[in-house]
Amino acid sequence: MTTPDHRKLRKRDLHFLNEDGMVACNPRDKEAAHLAEVERIATEEIAAVTCKKCWIEIRKERSPEP
């Protein structure tokens, strides 16, 4: 069992919010987007993102299509 102090010490990934306001690594889950905003683990600043899955989605979105 974790205590509230241990939860605060656990490092959380910072997720990217896309233009629809959804978390890039889980774009169909509205609750995930809301939770990320409430817990302050979401950002629109690409340079601050630490979530690997979000980075994959960012790269897919920004890569030029042949």
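In this text, all values refer to a predicted model and were calculated from it rather than measured experimentally.
Partners of E39 by side-chain hydrogen bond (donor to acceptor under 3.5 Å, both in side chains), not counting sequence neighbours, listed by chain and number: R12. E45 pairs by the side-chain contact (heavy atoms from CB on, under 4.5 Å) definition with T43, A47, A48, not counting sequence neighbours. Under the side-chain contact (heavy atoms from CB on, under 4.5 Å) criterion, I46 pairs with F16, W55, I58, R62, sequence neighbours left out. With sequence neighbours excluded, the residues forming a side-chain contact (heavy atoms from CB on, under 4.5 Å) with K53 are C25, C51, listed by chain and number.
For residues 13-34, there are no salt bridge (Lys or Arg N to Asp or Glu O under 4.0 Å) pairs, not counting sequence neighbours.
Annotation for H15 and C54: closest pair ND1-SG, 3.6 Å, computed over non-hydrogen atoms. Across every non-hydrogen atom of N26 and A32, the tightest pair is ND2-CB, 3.9 Å.
Clustering of Ile, Leu, Val, Met, Phe, Trp and Tyr by side-chain heavy atoms under 4.5 Å joins V38 with none of the others. Grouping Ile, Leu, Val, Met, Phe, Trp and Tyr residues whose side-chain heavy atoms lie under 4.5 Å apart, directly or via other members, places L17 in a hydrophobic cluster with V23.
Of the residues listed (E61, K60, R59), the one engaging E57 in a side-chain contact (heavy atoms from CB on, under 4.5 Å) is K60, and it is the only one.
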